[in-house]
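Down below is the structure, laid out as structure tokens.
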Amino acid sequence: MASLDISSIKRDFPILSRKIRENNRLVYLDSGATSQKPNSVLDAERDFYTQHNAAAHRGAHQLAEEATELYEGAREKVASFIGADVDEVIFTKSATESINAIAYSMGNAQSGSRFHISRGDRIVVSEMEHHANLIPWQELARRTGAELVWFKVTDDGRLDLTNLSELINSRTKIVALTHQSNVLGTINPLEDIVKRTHEVGALFVLDACQSVPHYKVNVKSLDIDFIAFSGHKMLGPTGVGILWGRKELLDEMPPFLTGGSMIETVTMESATYLDAPKRFEAGVPNMAQAVGLGAAVDYLSAIGLDVIHSHETELTRAAISGLRTIAGLTIIGPTDMTLRGGVVSFAIEGIHPHDLGQALDSYGIAVRTGHHCAWPLMRRFKTVATTRASFYLYNDLDDVNALVDGVERARKYFVER
Amino acid sequence: MELDSLYQEVILEHYKRPLHKSLKANPTIQVQHINTSCGDEITLNLHTDGTVIQDITWDGIGCSISQASTSVVSDLVRGKSVGEALATIDAFQAMIQSKGADTGNEDVLGDGVAFAGVAKFPARVKCALLGWMATKDAISQSQSKNER
């Protein structure tokens with residue numbers, strides 16, 4: 001397999017050449033939180049504003065026509081990136097909004113609708129969910145009287161599937177799981193879970209924030225019903241997320257946000273709505289951000305997700321093996337590379353993650369510290385916080401070595417001082 | 001190095017050997033404070049007769065800054081009058097939020113002045129304030145309890 005020309009990739013990301021805290025090279029290991037942006041994405045956004053800015057789907061003038069074409073072109077790019085049909089792809093402001101859209105649509109569905117949920121129904125999540133794929137379901141359960149249940153996580157950071165058929169039962173309406181844990185790096189095996197979900201007539205929602213940016217995800221071959229992910233974690237701008245759903249579901253699903261752009265006819269008393277995707281895109285859309293995301297998809301596709309994934313696997317393997325040589329350090333999550341992505345969480349005896357992150361920052365290394373918006377998972381591992389390094393296509397082995405050396409240097413600073 | 005301006009020797013000393021970190025039974029008021037950005041939490045017990053801070057004891061988990069800072073405040077305000085304690089807390093808060101302009105008065109803040117460097121690290125200001133805000137909250141709750 002072709003390997004990545006990292007020095008050429010790094011040149012595409014202007015921020016990677018800036019200095020941090022007194023002349024340190026920036027070692028950016030926080031792409032799991034948000035990725036950096038290549039020039040092509042920044043140029044696409046700027047070009048939209050300087051050359052084509054107008055409200056898409058409105059107006060008969062040339063700019064409106066161009067804005068519409070660019071916006072819809074971005075939708076086509078995203079659709080082909082995840083193996084979807086183009087009118088199944090909905091632009092939202094974030095993955096969080098995408099998940100809330102499903103949850104609120106279900107809450108709005110009348111009795112008789114396949115989306116209707118009420119007391120006695122069941123929502124299934126897992127203990128490793130990001131808050132964005134937990135709280136909307138907690139709230140839906142609270143509003144409707146449905147029951148929220150969850151898969152547990154094993155000591156080595158995998159989903160405990162031993163009670164799969166009891167958890168997902170005939171009362172289950174929805175199963176919402178993360179594709180890859182943002183804390184543990186675990187990639188969840190979906191096949192049996194999706195199969196069981198459909199066996200009982202429930203819907204499967206995939207939180208793909210940590211997977212779609214890093215390896216090939218095909219919504220059709222996964223046989224799922226909905227997917228949510230964000231643009232900013234995949235080289236795109238902030239302020240744009242994706243909700244994909246199967247066409248026949250989207251056509252039945254009640255809208256969550258209502259207003260302009262999503263209507264067919266309106267009287268003072270009532271309105272009828274357009275089909276998906278427009279039914280779910282009320283208001284003037286986030287056009288420049290969608291166009292930027294389209295450019296990000298082009299950038300990732302040109303390099304190839306298989307190449308990116310194998311590069312990240314190599315970095316992750318090196319990071320795990322390097323970090324494990326440090327005294328008192330524990331990896332939280334799987335240590336073998338089977339079904340594992342490029343996110344490594346760890347703890348060191350005697351040093352709080354916040355202090356470790358501060359020390360690493362003073363050497364120019366950016367990592368995430370804290371509960372990673374996964375408080376229940378922290379409790380599961382009897383901790384309040386971890387330190388997390390996450391890798392992307394612009395990282396290299398020098399970055400991994402900087403991390404390992406930095407953690408050892410910080411350990412000496414705090415523990416041996 | 002910049003890191004040393006944050007992690008003063010006295011801070012690491014309090015972190016490694018925290019003072020009054022053992023909850024004393026039957027407090028006048030008990031409060032729990034959480035730093036929502038990192039999950040750090042402390043439980044703090046205040047003993048007061050309404051005029052004087054008789055005792056402050058605490059327990060919790062957190063970074064060196066939050067733990068050391070709670071150690072310092074618990075030692076500093078015990079024995080002080082309620083008014084004096086609140087003034088001390090305000091002085092600390094002013095220093096921490098001054099972005100480095102106020103380096104603190106050692107006669108008022110004691111070991112607390114070691115945290116002056118925190119003011120230059122905005123992400124750590126909440127850590128430094130955790131125990132102080134918990135103390136302030138406990139005192140204010142004990143005051144309203146008295147008024148009832």
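These values consider heavy atoms only, across backbone and side chains, with no hydrogens, waters or symmetry-generated copies. Chain A is the first sequence line, chain B the second, and so forth, proteins listed ahead of strands; every chain is numbered from 1.
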Self-check item: Heavy-atom closest pair, residues A:H354 and B:C63
Solution: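 Looks like CB-CB, 3.7 Å.
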Other residues, nucleotides, ligands: >12 heavy atoms within 6.0 Å of [X] [atom1]:
{"X": "B:K16", "atom1": "NZ", "answer": "yes"}
{"X": "A:K152", "atom1": "NZ", "answer": "no"}
{"X": "A:K19", "atom1": "NZ", "answer": "yes"}
{"X": "A:E349", "atom1": "CD", "answer": "no"}
{"X": "B:E106", "atom1": "CD", "answer": "no"}

Practice problem: Rounded to the nearest 0.5 Å, what's the gap from CZ on B:F121 to CG on A:D361? Could you check? | Solution: 7.5 Å
Quiz item: Out of curiosity, B:L6 CG to A:Q358 CD, how far, rounded to the nearest 0.5 Å?
Solution: 5.0 Å
Self-check item: Pair A:H352-B:D40, side-chain donor/acceptor within less than 3.5 Å
Solution: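 A:H352 vs B:D40: donor-acceptor pair found between side chains.
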With no hydrogens and no angle check, is any side-chain donor or acceptor of [X] less than 3.5 Å from a backbone partner on [Y]?
{"X": "A:D355", "Y": "B:S64", "result": "yes"}
{"X": "A:R21", "Y": "B:L3", "result": "no"}
{"X": "A:H371", "Y": "B:T36", "result": "yes"}

Exercise. Please look at B:Y7 and chain A and tell me whether the side chain, the backbone, both or neither of the residue comes under 4.5 angstrom of a heavy atom of that chain.
Key: both
Quiz item: Relative to chain A, which segment of B:E9 carries a heavy atom at a distance below 4.5 Å: side chain, backbone, both, or neither?
Solution: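 Contact with chain A involves both backbone and side-chain atoms of B:E9.
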